[in-house]
Amino acid sequence: MTSTKECIELENEYGAKNYNPLDVVISKGKGIWVEDVEGNRYMDFLASYSALNQGHNHPRLVKALQKQAEKLSLTSRAFRNDQLPYFEKELCELTGYEMMLPMNSGAEAVETALKAARKWGEKVKGVGKDKGEIIVCSGNFHGRTITIVSMSDEEQYRDGFGPFTPGFKIIEYNNVSALQDAINENTVAFMVEPIQGEGGVVVPDDGYMQKVEKVCRDNNVLLIADEIQSGLGRTGKMFACDHEHVKPDMITIGKALSGGMYPISAVVGSAEVLGVFNPGDHGSTYGGNPIASAVGRESLKVIVEDELCERSAELGEYFMAELEKIESPYVDFVRGKGLWIGVVLKQAARPFCKALMKKGILAKDTHGNVIRIAPPLVIEKEEIDQALTAIEEVLTDESFDKE
Ligand SMILES: *Cc1c(COP(=O)(O)O)cnc(C)c1O
């Protein structure tokens with residue numbers, strides 16, 4: 001039988017060490033539950049960074065994947081396939097945008113949006129050649145390519161990976177006048193997460209997104225919302241921008257676009273912006289392939305038909321209120337939106353995540369001192385209550401060293 005020890009040893013020997021996972025080796029998943037190779041069951045409170053909003057192995061997604069895999073997997077975009085057109089139409093109709101461009105990973109969707117913004121800047125706005133500037137926020141997380149880490153201010157993401165791509169300006173998050181001040185005649189876009197996920201579930205002030213939308217409009221600067229983690233129901237609305245009725249020029253989408261079944265990402269936007277791409281400007285061998293398109297279509301239907309946005313809003317409010325009631329010497333405060341909650345500690349969160357794992361809850365520390373709570377949106381209230389008991393036990397356990 002495969003053992004935890006053997007899997008860890010193999011990974012230690014053969015795998016590059018770019019992650020530091022908790023020592024649990026998962027072999028099965030269903031809904032919010034996973035099982036490790038020893039047969040222990042856990043609630044998955046990370047949901048693969050919100051890729052699993054629909055839960056592990058959603059039966060409709062398994063079926064969509066199997067059915068399409070048996071028929072046709074890949075055509076490349078050199079030919080057409082009979083799934084992509086419907087995925088394009090359904091994603092645009094659901095999101096209210098005119099066009100979409102399919103890619104595979106979140107980072108590729110971000111790269112695509114950056115390329116579209118730069119080209120729009122030169123060809124439509126009339127910024128000089130190679131002069132376009134894009135503004136981003138401190139504490140951002142947009143992915144791991146060299147260009148994307150070029151716009152990060154997280155030292156570890158950058159250390160050793162230079163030289164970096166020029167053309168980015170970093171301003172303080174949740175600061176509207178900083179955006180106003182940073183814009184000049186070469187600014188083509190402002191890219192922002194409506195709630196910062198990897199930054200520690202950082203929720204900006206009410207009205208922030210509306211105000212930055214206005215500043216962007218007034219200055220003919222594109223607003224790009226990176227909703228790869230915040231989108232598709234996580235915050236209690238289809239997109240986090242919907243809480244403030246904000247309509248960015250482009251939205252990057254990924255993660256839950258396949259419900260964990262397949263790497264799928266996309267950019268949606270106006271025809272004016274995504275229309276800048278001509279054949280040969282940009283592409284991806286697997287982007288928009290028939291399996292991705294079939295799974296993507298079904299994933300969107302599941303979000304709507306299983307009412308995942310509504311569940312996230314209701315259950316998230318309940319979960320957060322109950323978490324706030326826990327009297328813990330370690331907790332500073334709790335923040336979040338929908339089923340996306342950060343328990344901000346006064347000290348490092350990892351020992352608490354390890355203790356939660358022993359009680360059957362897999363959660364991930366983020367930004368050092370934040371326990372991120374982001375279960376699949378199919379979670380039931382009874383399961384939340386069960387989790388709350390375990391979380392309270394851990395957060396009130398006197399045996400943790402205070403820092
Ligand atoms: C996860 C994430 C990405 C990158 O997605 P990958 O699929 O890991 O490349 C980009 N932006 C945000 C906001 C994310 O949370």
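First listed ligand is number 1; within each ligand, the first listed atom is number 1. Values below: every heavy atom of this structure, side chains too, minus hydrogens, waters and symmetry copies.
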Give every donor-acceptor pair under 3.5 Å between a side-chain atom in residues 75-87 and any protein atom, sequence neighbours left out.
from: S76; atom 1: OG; to: A78; atom 2: N; distance (Å): 3.1
from: N81; atom 1: OD1; to: Q83; atom 2: N; distance (Å): 2.8
from: N81; atom 1: OD1; to: L84; atom 2: N; distance (Å): 2.8
from: N81; atom 1: ND2; to: G288; atom 2: O; distance (Å): 3.3
from: Q83; atom 1: OE1; to: R297; atom 2: NH1; distance (Å): 3.0

Exercise for the section: May I ask you to decide if T235's main-chain N or O and K237's side chain share a donor-acceptor pair within less than 3.5 Å? Expected result: no
Exercise for the section: Using atom types as modelled and distance alone, determine if a side-chain donor or acceptor of S177 lies under 3.5 Å from a backbone N or O of Q180. Expected result: no
Exercise for the section: Before accepting this row, confirm whether a basic side-chain N of the pair E122/K119 lies closer than 4.0 Å to the acidic partner's carboxylate O. Expected result: no
Practice task
Describe, in one word, how the ring planes of F400 and Y330 are oriented to each other, choosing from parallel (under 30°), tilted (30 to 60°) and perpendicular (over 60°).
Solution key: perpendicular
Handout entry: K364 NZ/CZ over Y49 ring centroid, <6.0 Å and within 45° of normal
Key = no
Check each N or O atom of ligand 1 against all protein N or O atoms and list the pairs under 3.5 Å, with atom names and distances to 0.1 Å, one per line.
from: ligand 1; atom 1: 7 (O); to: G106; atom 2: N; distance (Å): 2.8
from: ligand 1; atom 1: 9 (O); to: G106; atom 2: N; distance (Å): 3.4
from: ligand 1; atom 1: 9 (O); to: A107; atom 2: N; distance (Å): 2.8
from: ligand 1; atom 1: 11 (N); to: F141; atom 2: O; distance (Å): 3.4
from: ligand 1; atom 1: 11 (N); to: D226; atom 2: OD1; distance (Å): 3.4
from: ligand 1; atom 1: 11 (N); to: D226; atom 2: OD2; distance (Å): 2.7
from: ligand 1; atom 1: 15 (O); to: Q229; atom 2: NE2; distance (Å): 2.7
from: ligand 1; atom 1: 15 (O); to: K255; atom 2: NZ; distance (Å): 2.7

